[in-house]
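Structure first, commentary second.
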Amino acid sequence: MRAAVIESVGKAVLTTVPDPTPGPREVVVKVAACGLCGTDLHIMQGEFAPTLPVVPGHEFAGEVVAVGTGVTELAAGDRVAVDPSLYCHECRYCRVGHNNMCERWAAIGVTVAGGAAEYAVAPVANCVKLPEHVDVQDAALIEPLSCAVRGYDVLAARMGASVLVYGSGTMGLMMLELAKRTGAARVDVVDVNPGRLATARELGCSAAAAAADELDRPQGWDVVIDATGNAKAIQDGLGRVAKAGTFLQFGVSDYATKVTIEPYRIYNQEITITGSMAVLHSYERAADLFATGIIDPKVFISDRLPLEGYPDALERFAAGVGRKIVVVP
């Protein structure tokens with residue numbers, strides 16, 4: 001079969017790899033669409049993936065074409081979205097319900113072959129069957145949505161909060177949509193990309209600007225969310241949190257990224273700084289929300305490229321072109 005492969009740091013190619021076969025409790029999925037995200041860029045930079053080469057793609061959905069001998073829950077022809085998370089279920093963190101902190105953490109498309117291919121293997125337990133009205137090519141959005149849902153689990157959002165989101169790419173826009181639906185009184189968005197800010201306005205943010213200073217809110221915001229991973233944005237965002245407010249580090253930074261905190265201010269103003277890592281008991285809920293139309297795929301997916309365009313898709317994503325880019329095998 002054809003697959004995109006990140007062969008080495010900085011090098012992605014389209015090549016042919018052996019067709020996958022399912023284990024007893026696995027299925028083979030004919031991939032309908034696979035999304036790109038910042039994690040794929042980190043893999044290209046030599047971070048996250050423990051070994052290269054690897055077939056990337058942790059945001060994908062498709063049709064089941066083969067099932068293992070022990071699979072009874074799904075059958076060939078079923079349309080599914082795939083949670084890429086692979087946990088050991090044995091370590092201390094798994095046993096206390098923090099599977100995303102698993103000491104043997106792994107993921108489809110990161111540590112094992114993923115969905116940037118014509119076919120992919122997944123445990124049956126990781127597959128969520130899609131209702132008939134959901135377009136399977138759009139369902140690649142469920143995985144990033146599940147990360148956003150996890151972020152709001154961490155925030156434990158309260159009614160009437162003021163929210164500031166840094167970044168209006170896919171994840172920032174998803175955080176905007178969830179903020180609107182979890183009782184925020186206002187949701188403001190900051191981004192240096194005018195095209196992406198226009199999308200934030202289209203989706204109904206309260207205000208959008210290239211810098212937080214333009215928003216004229218000296219008291220700050222109850223909740224500040226970084227969806228960029230950019231050190232400058234993070235540093236600025238930490239200074240925008242209102243008293244008794246919360247800063248959520250949601251964007252994925254490079255390992256070397258550093259910012260400065262002010263311990264006295266954190267103490268004196270009871271500021272919470274927290275993070276949200278990937279997916280945790282949120283994939284099924286995201287699939288349910290997606291099926292209700294909580295996000296509009298026509299707005300979120302800006303580019304649909306053929307699988308052979310995967311290297312170009314990575315370059316477009318790295319350059320900040322568009323919003324969600326998906327490849328279609």
Side-chain angles (χ1 to χ4, degrees), residues 1 3-6 12 17 20 26-62 80-88 99-102 104-128 130 136-151 169-171 174 227 229 250-252 276-287 290 300-301 304-305 307 310-311 313-314 317-318 323-329:
M1 70 170 182
V5 175
I6 297 177
V17 299
E26 294 178 330
V27 301
V28 175
V29 176
K30 182 179 181 182
V31 178
C34 177
L36 279 71
C37 93
T39 297
D40 300 306
L41 294 182
H42 285 284
I43 294 172
M44 279 280 286
Q45 295 163 359
E47 299 178 341
F48 293 0
T51 59
L52 296 177
V54 68
V55 176
H58 60 280
E59 303 176 1
F60 68 99
V80 297
V82 179
D83 179 350
S85 309
L86 302 172
Y87 309 131
C88 76
N99 303 66
N100 61 336
M101 299 290 111
C102 176
R104 302 177 186 88
W105 183 90
I108 301 167
V110 181
T111 60
V112 299
E118 293 179 298
Y119 300 92
V121 170
V124 66
N126 291 54
C127 297
V128 175
L130 298 171
V136 71
Q137 285 197 354
D138 294 339
L141 289 170
I142 292 174
E143 195 281 339
L145 182 60
S146 72
C147 294
V149 171
R150 166 61 183 159
T170 301
M171 300 314 305
M174 286 186 174
F250 184 71
V252 183
S276 172
M277 157 56 184
V279 181
L280 182 64
H281 311 311
S282 54
Y283 197 91
E284 288 77 6
R285 286 179 290 148
F290 187 79
F300 277 80
I301 299 176
R304 299 179 191 266
L305 302 176
L307 180 60
Y310 188 87
L314 275 177
F317 183 82
R323 293 174 297 280
K324 176 57 69 178
I325 299 173
V326 301
V327 293
V328 181

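Both backbone and side-chain heavy atoms feed into the values below; hydrogens, waters and symmetry mates do not.
Using a 4.5 Å heavy-atom cutoff, the side chains of Cys34 and Leu307 are not in contact. Cys37 has its side chain within reach of His58: a pair of non-hydrogen atoms, C-beta onward, lies under 4.5 Å apart. Counting heavy atoms from C-beta on, the side chains of Cys147 and Phe250 come closer than 4.5 Å. By the 4.5 Å heavy-atom criterion applied to side chains, Val279 and Asn99 are not counted as neighbours. Proximity of Val54 to Thr111: side-chain heavy atoms (C-beta onward) are nowhere separated by under 4.5 Å. Within the 4.5 Å cutoff, the side chain of Glu59 has no heavy atoms near those of the Val326 side chain. Between Val27 and Val80, the closest side-chain pair of non-hydrogen atoms is not below 4.5 Å. Side-chain contact between Phe317 and Thr170 is absent, with no heavy-atom pair separated by less than 4.5 Å.
Ser282 places a side-chain N or O within 3.5 Å of a backbone atom of Ser146 that can act as its donor or acceptor partner. Checking side-chain atoms of Lys324 against main-chain N and O of Leu36 turns up a donor-acceptor pair under 3.5 Å. Listed for the Asn126 side chain is a donor-acceptor partner under 3.5 Å among the backbone atoms of Asp83. Checking side-chain atoms of Tyr310 against main-chain N and O of Leu305 turns up no donor-acceptor pair under 3.5 Å. A distance-only check finds no donor-acceptor pair linking the side chain of Asn100 to the backbone of Leu280 [under 3.5 Å].
Annotation for Ala32 and Val328: closest pair O-CG1, 3.5 Å, computed over non-hydrogen atoms. Taking each heavy atom of Ala120 and Gly115 in turn, the nearest pair found is CB-CA, 4.2 Å. The two residues Pro56 and Val5 make their nearest non-hydrogen contact at CD-CA, 4.3 Å. Residues Leu86 and Pro123 share a closest heavy-atom pair of CD2-CG, 3.9 Å. A pairwise comparison of heavy atoms in Arg304 and Gln137 identifies NH1-O, 3.7 Å as the closest pair. In this structure, Leu52 and Ile6 approach most closely via the heavy-atom pair CD2-O, 3.8 Å.
Note: Phe300 CZ to Met171 CE = 9.0 Å, rounded to the nearest 0.5 Å. Distance CD/Gln45 to CG/Asp40: 11.0 Å, rounded to 0.5 Å. Note that CZ of Arg285 and CZ of Arg150 are 9.0 Å apart. Values are rounded to the nearest 0.5 Å. Note that OG of Ser85 is 7.0 Å distant from CD of Glu143, once rounded to the nearest 0.5 Å.
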